[in-house]
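Everything below concerns the one structure shown next.
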Amino acid sequence: QKVLTVGGYGGSFETLMKEHIIPPFEKAHNVTVQFVPGNSTENLARLQAQKDNQEMDVVILDDGPMYQAVALGFCAPLTKVPSLPDIYDIAKMGTDKAIGIGFVATGFAYNAEMFKEKGWAPPSSWMDLADPKFDQLESIPPISNTYGLHTLVMMARLNGGSETDIDPGFKTMVDKVAPNVLVFEPSSGKMSELFQNKEIALSIWGSGRVKALADTGFPVKFAYPKEGAVALMVAACPVTHSDVPDEAQAFVDYLLQPEVQEKLAATNGFGPTNKKTVLPEALQSLPYGPDKISKLVAVDWNVINPKREEWTQRWAREVER
Amino acid sequence: MTRNGPFALLFNALFVLFMAAPLVVVIGVSLTPEGFLEFPPSGISLRWFRAILDNPDFIEAGWTSLYLGVAAASLSTALAVPAALAIGRRRFPGRDLLLATFMSPLTVPTIVLGIAFLRFLSQIGLSGTFLGLTLCHAVIITPFILRLVLASVTGLDRTVEKAAESLGASDFTVFRRITLPMIMPGVVGGWVLAFITSFDELTVTVFIVNPSTTTLPVRLFNHITQTTDPLVASISTVVILFTVGLMFVIERLYGLDRLLVGGEAR
Amino acid sequence: MAPAAAVDREARRRAWWLCAPALALFLALMVVPLVMTFVLSFHSFGFYTGIEPTFGLHNYLDVLGDSYFHEIFARTFGIALVTTLLCAAIGTPEAYILYRMRSRWRSALLLVVIGPLLISVVVRTLGWAILMGNRGVINTALMNLELIDRPIKMMYTPGGIVIALVHVMVPFMVIAVWAALHRQDPATEQAAESLGAGPLTIFFRVVLPQAMPGVLSGSLIVFSLSASAFATPAILGGRRVKVVSTTVYDEFLNTLNWPLGAAIAILLLVAVLLVMVSYNRVVERRFSQVFG
Amino acid sequence: MAFLELKGLTKRFGEIAAVENFDLSVERGEFVSLLGPSGCGKTTTLQMIAGFETPSAGSITLEGRDLLAIKARSRGIGIVFQSYALFPHMTVAQNVEFGLEMRKIAAPERRQRVAEALALVHLEALADRYPRAMSGGQRQRVALARALVIRPEILLLDEPLSNLDAKLREEMQLELRGIQQRMGVTTILVTHDQTEAMALSDRVAVMHRGRLVQVARPLEAYEHPRSDFVSSFLGKTNRLEGKVVERAGERAGDLCRVAVGETVFAAPAPPPEIGKDARPRVIVSVRPEKVEFRAAGAGLVDGTVAARIFLGDHWLYQIETPLGVLLVTRQNVGPAEVETGGSVGLAWDAAQVRLLPFEETA
Amino acid sequence: MAFLELKGLTKRFGEIAAVENFDLSVERGEFVSLLGPSGCGKTTTLQMIAGFETPSAGSITLEGRDLLAIKARSRGIGIVFQSYALFPHMTVAQNVEFGLEMRKIAAPERRQRVAEALALVHLEALADRYPRAMSGGQRQRVALARALVIRPEILLLDEPLSNLDAKLREEMQLELRGIQQRMGVTTILVTHDQTEAMALSDRVAVMHRGRLVQVARPLEAYEHPRSDFVSSFLGKTNRLEGKVVERAGERAGDLCRVAVGETVFAAPAPPPEIGKDARPRVIVSVRPEKVEFRAAGAGLVDGTVAARIFLGDHWLYQIETPLGVLLVTRQNVGPAEVETGGSVGLAWDAAQVRLLPFEETA
Ligand SMILES: Nc1ncnc2c1ncn2[C@@H]1O[C@H](COP(=O)(O)OP(=O)(O)OP(=O)(O)O)[C@@H](O)[C@H]1O
Ligand SMILES: Nc1ncnc2c1ncn2[C@@H]1O[C@H](COP(=O)(O)OP(=O)(O)OP(=O)(O)O)[C@@H](O)[C@H]1O
Ligand SMILES: NCCCCNCCCN
Ligand SMILES: [Mg+2]
Ligand SMILES: [Mg+2]
């Protein structure tokens with residue numbers, strides 16, 4: 001029997017895939033689907049390691065790493081994806097080799113109980129990160145993580161810079177934000193642990209993550225910054241040199257089907273990229289529908305990606321000191 | 001034997017506290033009735049142990065680790081015993097080099113090894129396969145077995161083998177009937193130690209597994225990089241108990257103190 | 001009659017044959033991959049081009065000429081050094097205490113000593129994280145006792161890494177010292193006592209000097225393992241407290257600049273080997289006179 | 001009152017009594033050997049005197065002072081261990097100096113006393129060697145110098161010679177005795193070698209299963225053993241099971257008659273230990289060197305020479321007799337007295353026969 | 001042609017010649033001991049016979065067959081090692097049975113022969129014990145049974161008794177000799193204990209620094225040592241450095257005169273090894289048991305009794321004389337002949353004096 005190997009996030013995403021999304025596909029296409037859990041960077045590294053002998057047939061990454069995967073030639077063109085016309089243009093990523101399967105908003109996660117105890121108002125502006133009252137009570141993912149990169153870009157934009165003029169971003173991060181940061185934590189697991197141990201009260205995080213943690217009963221809440229939450233896309237692509245290319249294309253298409261998109265929304269808090277998806281009332285708060293989607297702030301990956309290595313070096317040397 | 005003074009006993013108590021603390025904390029956390037990490041636990045509940053049963057992935061990974069440990073430890077033992085016999089009792093050119101090679105996994109940083117394995121295995125198409133994992137683990141755990149077997153080989157009275165030979169036994173008969181039974185405690189001790197090492201290996205393994213060969217430590221690591229909940233603690237507790245159980249086996253078969261002293265013989 | 005030389009050759013060949021299977025495994029899975037890594041370290045990398053099989057020393061020059069990496073190497077070796085010293089300071093007396101302990105207790109204690117060695121790093125570090133956090137068990141206890149009013153920061157500091165590393169490494173020290181203690185004649189302690197020495201004098205003047213080779217070889221193991229440790233600094237150090245191995249990990253997994261990562265890894269390997277070899281030299285010179 | 005006095009000394013390890021109810025008085029300057037088979041409690045006794053084991057019962061006094069109240073390190077006892085227990089990381093001089101340092105003796109005096117001690121054991125030339133680079137006999141002498149330099153009141157020696165080979169052992173025995181006599185230090189030597197004990201000591205204390213069975217001068221112990229065990233342990237003997245058949249008067253020197261099988265011969269009057277039975281069973285012991293050859297028929301018993309074994313300075317004859325195989329030794333002077341296979345008569349002076357309380361086996 | 005023949009046997013380890021140019025013929029059924037100090041090459045010689053070391057030169061033949069062409073496991077030689085080398089994981093019976101299994105002997109016969117072998121060494125009752133639960137003497141006998149059960153043509157014993165304590169060693173010596181004689185097996189024993197060698201063997205082969213220095217019957221070797229080394233190694237002797245001052249005729253039995261210091265006395269004619277010098281320097285050796293006491297002034301030399309040491313079956317006297325301290329032994333019969341401090345004369349039969357080629361030290 002054919003085996004289709006899919007790389008994607010671990011944790012609740014993996015559970016959802018294995019329990020609810022993969023089985024119907026296996027039945028319909030008579031294949032066995034293997035799921036390789038790992039965060040975006042790990043799976044990207046895996047693609048590079050196995051360049052000549054790819055193990056994965058489909059990979060699901062954050063948009064930033066996905067741009068890089070495309071650039072490095074790990075992704076095959078989307079040739080047999082009939083749902084393409086139903087997808088928001090913003091989710092098409094300006095390439096025919098990868099496609100967004102969900103929107104996540106990058107914004108604040110905060111411990112509502114701790115905020116109430118201290119009598120603090122919920123965070124509302126990106127610049128709240130610089131508020132001295134959060135000294136050592138913040139965590140921001142590092143630049144290798146998309147949330148961290150978004151933070152840097154937003155800091156640049158709010159302080160007179162932009163993707164093309166990143167210096168003000170670094171300056172603000174180094175001078176005002178970094179001192180408040182307990183740890184630059186890339187791992188979502190550690191991030192939830194930090195919340196649970198009450199080590200931190202506030203972090204920059206994805207709406208999906210916050211939903212997952214809140215679902216355990218922990219009093220964490222997501223807040224949209226008034227300057228706008230940044231759009232983060234979860235993207236998928238078929239991997240080059242697959243031995244089951246048809247199934248790979250079919251799987252990407254499958255991920256874009258409204259019923260699958262709804263499941264992704266319900267469990268992981270991904271806003272649908274397929275316009276035809278209809279969400280129930282309870283999920284309306286997600287990045288959903290043309291209005292909300294258009295309000296999300298987008299970053300320019302075409303500018304960012306070539307600079308990313310340089311920024312990463314600066315981040316390591318200046319911010320993470 | 002002289003007894004330790006009160007100062008020594010106090011030192012010892014603090015030492016034990018230090019060594020046991022993180023493990024005790026993990027066991028404590030595993031007993032929480034809550035949905036998140038909490039220490040000391042607000043109550044006692046086996047909820048998170050029951051939860052293990054609801055996570056077949058972990059159980060499956062546990063089995064993989066078990067099979068992998070058995071396969072790697074057995075392979076490595078099969079290779080290390082003859083090598084130990086040669087190195088332990090013969091002087092020959094290249095002996096020190098061989099020994100250094102077999103001990104090198106202890107000195108080469110594990111991260112370097114992990115990456116080297118990953119690249120090499122994917123080149124030869126063994127990446128993520130059980131065979132590939134077994135070979136890599138066999139390399140990593142060889143020093144542990146070799147040290148123990150070497151210790152029992154060097155402690156072995158050669159005249160016993162000469163006696164057997166003088167009675168007409170062929171080389172193979174000497175090995176099977178005399179040498180092997182005599183070094184058996186070292187071999188078994190080495191096997192168990194190697195098994196535990198393989199069973200708990202993370203740094204290298206994380207690079208070279210794939211979903212069908214994910215081991216328990218990798219599964220745990222992946223889990224805590226995504227979410228942290230008391231499930232990690234309860235599974236860890238099971239691992240701790242399992243390891244402690246195995247160490248009792250060593251204590252019975254070989255003696256932990258011999259394991260330590262013997263382990264030092266080169 | 002078989003001339004002796006032929007027999008020796010035969011014996012040598014047999015020895016090599018016995019080692020051959022293990023050697024084959026090591027050549028295939030240890031030597032070849034390491035050589036591949038070595039070669040990789042001379043290649044170059046571009047964001048859009050990936051790894052290019054050029055051949056140059058630029059990666060090494062980048063690392064050696066950058067104060068950022070100097071700092072990381074310095075921190076790594078600093079952590080390894082402090083860890084080694086603490087392990088010696090804790091492990092040596094503990095080994096002696098164990099050595100003097102009655103055998104029933106000793107078995108139980110050995111279990112405690114080597115336990116951490118055998119339990120997954122994930123589990124151990126999880127425990128330390130719970131203990132050492134700002135709101136962790138230790139800080140909470142200290143604050144409840146009103147010994148401190150602000151938490152002592154242990155997580156994400158080199159100090160926290162050292163504590164957790166000592167925890168994993170101290171068994172190696174205890175093992176090495178314990179073995180050395182077993183090689184010494186217990187009657188030397190009695191001899192010293194009969195000559196009028198008190199317990200501390202016996203320990204420092206008679207036991208410790210004899211156990212010194214054990215302490216030194218233990219230090220070597222602890223140092224090299226600490227210098228290349230990955231999981232503990234990765235989990236307990238956070239992003240700020242970078243050490244060489246976590247940097248290698250970043251280069252491989254985040255930046256994807258493998259050639260640079262390989263160069264750093266090779267430099268780490270070389271540095272560790274250098275320290276070990278020169279240390280061995282010194283130790284051998286110092287002790288060959290006394291212990292044969 | 002004696003110099004060193006052990007009274008009712010007992011040491012139990014769990015169930016096992018390693019030493020039981022041990023009484024011994026040692027005079028100042030005396031050389032006493034503790035002698036006995038392996039495991040009889042010799043080392044344990046020494047360790048209690050040294051202070052490394054605490055007695056389960058009993059007392060040890062030195063010139064009337066209670067030694068048990070004093071810590072091992074303050075007892076001022078010199079010890080030489082079987083393994084020598086030299087400090088391997090110190091030179092010979094440093095080894096010897098150690099005890100003086102512990103006594104906070106000033107450096108110039110220390111140096112002088114170390115030099116003296118090394119001279120005593122003829123090791124001046126090796127002061128700066130490490131122990132590892134010395135032979136067994138040399139190490140043994142360093143250990144002795146180290147123990148003696150602190151001018152101990154008592155010197156304890158635990159099988160100091162048993163690691164040496166036969167020839168060296170004999171040399172060291174002479175040296176040891178010479179040094180002990182020159183220093184006049186009270187000495188207790190532990191050994192399981194009866195010749196060594198007899199050669200060196202003023203008195204031997206024979207131990208058996210944790211108990212002291214006889215303390216006496218060597219000649220006395222050899223010639224008048226108090227039990228079958230002592231008799232057999234101290235040198236070769238012809239041990240016969242017999243019966244007193246005719247008791248004479250009870251005064252010492254009175255003769256009685258004993259029967260071994262069919263053979264009846266004279267012996268000194270049975271000692272009091274043998275009891276008052278009319279015809280008590282006894283062990284009859286006659287030393288091989290006390291047996292004389294006679295013409296066949298002219299001795300107390302006849303036999304055939306089963307073997308004649310040359311042992312250098314003496315011959316050992318095994319003679320088959322109705323009493324069993326009897327051993328006879330003869331100093332190697334002139335030609336052998338009897339030939340293998342020949343018939344001889346054996347005789348012995350009645351005064352050389354020893355009657356001992358009956359025991360099943362020695 | 002001899003049964004076992006070693007010719008020009010040499011073994012070099014790198015530079016060191018452990019055994020050099022060793023010639024020895026052993027008759028069928030003979031018991032020969034290899035005797036010599038530690039490191040002289042005894043074990044190496046035995047290992048070459050057994051097949052565990054390959055000679056660098058020389059030949060070994062058994063009844064004319066070249067033994068070196070045969071592998072150790074096919075030589076059919078029984079060996080008993082100093083450490084016994086019992087198989088610790090097998091019972092006594094299994095240990096003994098092993099060699100028979102290797103010979104593919106059927107089970108019933110095996111059982112019978114094991115039983116016989118165990119009976120021979122009196123261990124029937126312990127057949128199912130494991131070696132660790134046995135005493136040294138018992139283990140030694142298991143090792144012997146295991147070597148003998150295969151009915152070896154040659155039995156090699158490498159210091160089989162040196163781990164036993166004095167008393168047990170003497171017992172085992174008698175037993176070993178008895179068994180060897182009953183079985184009639186050709187035996188080579190390695191030992192460094194001269195008494196043991198003399199007690200057990202038909203001939204002793206004395207080795208020194210890898211070379212065979214004398215092979216002879218024990219009495220011959222003791223009484224007529226060919227060198228200073230052999231003389232000193234085989235038992236105590238009074239070793240004096242002297243000079244031949246008057247040579248008599250060259251026929252055996254002729255007397256000559258030697259001077260040691262001022263003292264001049266008669267001795268047998270110097271042996272040919274001493275050479276043709278007119279007044280050659282020689283080593284004069286007189287055994288302590290050959291020295292007789294005389295009244296002061298009535299002997300060859302006068303002296304004072306420095307010490308009188310009781311050694312059980314004999315006394316050892318140290319007499320200070322102008323020749324140095326002379327040793328005299330006397331069998332322990334009757335009271336001591338001279339008192340410490342007394343003056344005595346010493347004399348010896350000229351025929352008991354041995355003249356040996358001069359060497360700086362033995
Ligand atoms: N620490 C101990 N625990 C238990 N039993 C002991 C201990 N030390 C000695 N014994 C036992 O006490 C008895 C006497 O031992 P000890 O060492 O005094 O004998 P020894 O006469 O010196 O023997 P050897 O000649 O073999 O040295 C032995 O049966 C021994 O097993
Ligand atoms: N394998 C070897 N390599 C190098 N030298 C050796 C080896 N075996 C023995 N020798 C040397 O050969 C010499 C003779 O050794 P051998 O063991 O035959 O002596 P031995 O007479 O049996 O002594 P001992 O009485 O101590 O057992 C010694 O100098 C020894 O060091
Ligand atoms: N539950 C999966 C959510 C995916 C969001 N992206 C995570 C980016 C961190 N690497
Ligand atoms: Mg003892
Ligand atoms: Mg030998």
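All chains are named by letter (A, B, ...) in the order of the sequence lines, taking the proteins before the strands, and each is independently numbered beginning at 1.
Proximity to chain E is limited to the side chain of D:Q318, based on heavy atoms less than 4.5 angstrom apart. Contact annotation for E:E170: only side-chain heavy atoms (C-beta onward) come within less than 4.5 Å of a heavy atom of chain D. Neither the backbone nor the side chain of E:R177 comes within contact range of chain D; no heavy atoms are under 4.5 Å apart.
Considering only heavy-atom pairs separated by less than 4.5 Å from chain E, the leading option among D:T195, D:N332, D:L316 is D:N332. The candidate from E:L174, E:T237, E:L200 with the greatest count of non-hydrogen atom pairs under 4.5 Å with chain D is E:L174. With chain D as partner, the option from E:R287, E:K236, E:E292 having the largest number of non-hydrogen pairs under 4.5 angstrom is E:K236. For the options E:A199, E:G235, E:A221, heavy-atom pairs under 4.5 Å to chain D are most numerous at E:A199.
The local environment of CZ in E:R294 is crowded, with over 12 non-hydrogen atoms from other residues, nucleotides or ligands closer than 6.0 Å.
Ring geometry for D:Y317 against D:F293 counts as perpendicular: the plane angle is over 60°, on a 0 to 90° scale with 30° as the lower cut.
With salt bridges taken as basic N to acidic carboxylate O contacts below 4.0 Å, none links E:D228 and E:R354. Contact check on E:K290 versus E:E223 returns a salt bridge, with a Lys/Arg side-chain nitrogen under 4.0 Å from an Asp/Glu carboxylate oxygen.
The shortest heavy-atom contact between D:P268 and D:A350 is CD-O, 3.1 Å. Annotation for E:L327 and E:N238: closest pair N-OD1, 2.7 Å, computed over non-hydrogen atoms. Of all the heavy atoms in E:L34 and E:K42, the pair that sits closest is O-CD, 3.8 Å.
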Run the side-chain contact (heavy atoms from CB on, under 4.5 Å) test on E:E196 and E:Q173 for me, step by step, so that the C-alpha distance in whole Å, both residues' side-chain angles and the decisive distance to 0.1 Å come before the verdict.
CA-CA 7 Å; E:E196 183 169 297; E:Q173 281 171 5; 3.2 Å; yes

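Applying a 4.5 Å heavy-atom cutoff, the residues of residues 304-311 of chain D that approach chain E are D:I309, D:F310, D:L311.
A search for side-chain contact (heavy atoms from CB on, under 4.5 Å) contacts involving D:Q194 returns D:L35, D:M198, D:L234, not counting sequence neighbours.
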